[in-house]
*Asks:* 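Quick one: the structure is below, questions incoming.
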Amino acid sequence: KKILVPNGVDISRFRPLKMDACRNKFGFPKDTLLVGYFGGMERDRGVDDLIKSVQKLRCHGVEIELLLGGTARADMNFPMSGVRFLGNIPYKSMPEIIASCDLLAVPYRRSAFMDAGASNKIAEAMACGRPIVATKTPNLLTNFPHQAKQLENLLAKPNDPDDLARVLRLQIKRRVVVDMPPGFGWNHIASRIKDQLLQE
């Protein structure tokens, strides 16, 4: 019998932390609204849409910056207006980087690859208690249906920077935080797998 071991979150690390203390540690501005994206930067992940959305809001007088972490594509040129590029971030620093953000973005586009995924960064954002700005894609809707329902009127159209900017504006005002799904902690998963193995 095969046993499936799902993605999980180290909830001893990924948990709510004090924003001001975390921003001080990394030298981030205290009074600027920071939206974060950390992970792969392939086009299907919608990072280009997110950059355009942030730049659009800045053109309309919103004091916002994008904290961007990960490996940049060869065609991404930094420095870039409104973007604070952090490069690859050590795993141990991720909870504090996440806590430095006012909002966390999951701007995925639709594709066979992305639609079949189960991104752990979504659960990490939830565990850290940060508001999420996301697109309406199966990666969120299928893996986190309850949380997607909580964001029902706050999900942007995929591959649409203007609609993503609209949702960013809404979440800047509302700061809706979704529930952490039960059973996503490493300790819960390990306990469940142990019980399954003992039943063999």
Side-chain angles (χ1 to χ4, degrees), residues 3-30 32-42 45-47 50 54 64-72 83-108 114 116-135 137 139-148 150-151 154 168 171-172 175-197:
I3 295 177
L4 178 65
V5 181
N7 275 341
V9 176
D10 183 355
I11 56 176
S12 68
R13 286 179 177 269
F14 290 89
R15 54 191 173 83
L17 299 170
K18 297 290 185 182
M19 180 184 289
D20 285 348
C22 293
R23 288 194 180 191
N24 283 338
K25 180 173 181 176
F26 298 106
F28 299 147
K30 288 184 179 180
T32 300
L33 192 144
L34 300 178
V35 56
Y37 174 88
F38 313 107
M41 296 191 197
E42 299 88 351
R45 296 185 185 270
V47 180
L50 179 60
V54 168
I64 185 173
E65 285 188 15
L66 172 60
L67 290 186
L68 187 61
T71 302
V83 179
R84 193 177 289 256
F85 180 59
L86 306 178
N88 287 318
I89 302 166
Y91 175 75
K92 66 179 182 180
S93 298
M94 278 308 307
E96 293 168 307
I97 293 287
I98 288 173
S100 298
C101 300
D102 295 278
L103 306 171
L104 292 171
V106 188
Y108 295 159
M114 294 307 301
S119 291
N120 218 35
K121 66 167 59 67
I122 300 175
E124 290 172 351
M126 295 172 184
C128 290
R130 307 313 299 143
I132 296 171
V133 173
T135 50
T137 64
N139 201 302
L140 175 68
L141 301 176
T142 301
N143 297 307
F144 302 96
H146 173 68
Q147 289 72 23
Q150 290 180 295
L151 294 170
L154 293 167
L168 276 166
Q171 271 293 57
I172 288 170
R175 308 292 176 102
V176 175
V177 176
V178 300
D179 299 331
M180 175 65 180
F184 258 78
W186 283 358
N187 54 337
H188 294 102
I189 293 171
S191 178
R192 192 163 65 245
I193 297 302
K194 179 182 176 181
D195 290 343
Q196 292 180 33
L197 289 171

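Here, residue 1 is the first one in the sequence, and each next residue gets the next number. Predicted, not measured: the structure shown is a model, and the values here were computed from it.
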*Asks:* Over all heavy atoms of both residues, which pair between Ile89 and Ser93 is shortest? Give the atoms and the distance, please.
*Replies:* CG2-CB, 4.0 Å
*Asks:* Do Asp10 and Ser12 meet the criterion of a side-chain donor-acceptor pair at a distance under 3.5 Å?
*Replies:* yes
*Asks:* Between the side chains of Gln147 and Asp179, is a donor N or O closer than 3.5 angstrom to an acceptor N or O?
*Replies:* no
*Asks:* Between the main-chain N or O of Ser100 and the side-chain N or O of Asp20, is there a donor-acceptor pair closer than 3.5 Å?
*Replies:* no
*Asks:* Applying side chain to side chain contact (heavy atoms under 4.5 Å, CB included), run through Thr135 and Val106 and close with a yes or a no.
*Replies:* CA-CA 7 Å; Thr135 50; Val106 188; 5.9 Å; no
*Asks:* If only atom types and distance count, is the side chain of Arg130 paired as donor or acceptor with the main-chain N or O of Ala125 below 3.5 Å?
*Replies:* no
*Asks:* Drop me the distance from Arg13's CZ to Tyr91's OH, to the nearest 0.5 angstrom.
*Replies:* 6.0 Å
*Asks:* Let me confirm one number: the CG-CZ distance from Leu67 to Phe85, rounded to the nearest 0.5 Å.
*Replies:* 12.0 Å
*Asks:* Would a 4.5 Å heavy-atom cut-off, applied to side chains only, mark Met41 and Leu68 as touching?
*Replies:* yes
*Asks:* Of all heavy-atom pairs between Leu141 and Ala148, which one has the smallest distance, and what is that distance?
*Replies:* CD2-CB, 3.6 Å
*Asks:* Taking the side chain as everything from C-beta on, heavy atoms only, tell me whether Leu151 gets closer than 4.5 Å to Gln171.
*Replies:* yes
*Asks:* Within this structure, what is the CE-OG1 distance for the pair Met114 and Thr137, rounded to the nearest 0.5 Å?
*Replies:* 7.0 Å
*Asks:* After noting the C-alpha distance and the side-chain angles of Phe28 and Ile97, does the key distance pass the side chain to side chain contact (heavy atoms under 4.5 Å, CB included) rule?
*Replies:* CA-CA 10 Å; Phe28 299 147; Ile97 293 287; 4.0 Å; yes
*Asks:* Are Met94 and Glu124 packed together at the side-chain level, in the sense that at least one heavy-atom pair is separated by less than 4.5 angstrom?
*Replies:* no
*Asks:* Please find the pair of heavy atoms, one from Cys101 and one from Val35, that lie closest to each other, and give the distance.
*Replies:* SG-C, 4.5 Å
*Asks:* Take Leu33 and Ile172, measure what side chain to side chain contact (heavy atoms under 4.5 Å, CB included) needs, and give me the verdict at the end.
*Replies:* CA-CA 8 Å; Leu33 192 144; Ile172 288 170; 3.6 Å; yes
*Asks:* So Ile132 and Met126, do their side chains get closer than 4.5 Å, heavy atoms only?
*Replies:* yes
*Asks:* Between Leu17 and Cys22, what is the shortest heavy-atom contact and its length?
*Replies:* CB-SG, 4.0 Å
*Asks:* To the closest 0.5 Å, what do you measure between CD1 (Ile11) and CE (Met180)?
*Replies:* 6.5 Å
*Asks:* Below 4.5 Å, heavy atoms only, C-beta onward: do Val176 and Pro131 meet side chain to side chain?
*Replies:* no
*Asks:* Does the side chain of Leu104 come within less than 4.5 Å of Phe38's, by heavy atoms?
*Replies:* yes
*Asks:* At what distance, to the nearest 0.5 angstrom, does CD1 of Ile122 lie from CG of Asn120?
*Replies:* 9.0 Å
*Asks:* Closest approach of Ser119 and Phe144, non-hydrogen atoms and distance?
*Replies:* O-CE1, 4.3 Å
*Asks:* With a 4.5 Å limit on heavy-atom distance, are the side chains of Glu65 and Val54 in contact?
*Replies:* no
*Asks:* Please determine whether side chain to side chain contact (heavy atoms under 4.5 Å, CB included) holds for the pair Lys30 and Asn24, giving the CA-CA distance in whole Å, both sets of side-chain angles, and the decisive distance to 0.1 Å.
*Replies:* CA-CA 8 Å; Lys30 288 184 179 180; Asn24 283 338; 3.0 Å; yes
*Asks:* Closest heavy-atom contact between Thr142 and Pro145?
*Replies:* O-CD, 3.5 Å
*Asks:* Just how far is it from atom CG of Leu86 to atom CZ of Arg84, taken to the nearest 0.5 Å?
*Replies:* 8.0 Å
*Asks:* Hey, is Arg175 close enough to Asp102 for a salt bridge, meaning N to O under 4.0 Å?
*Replies:* yes
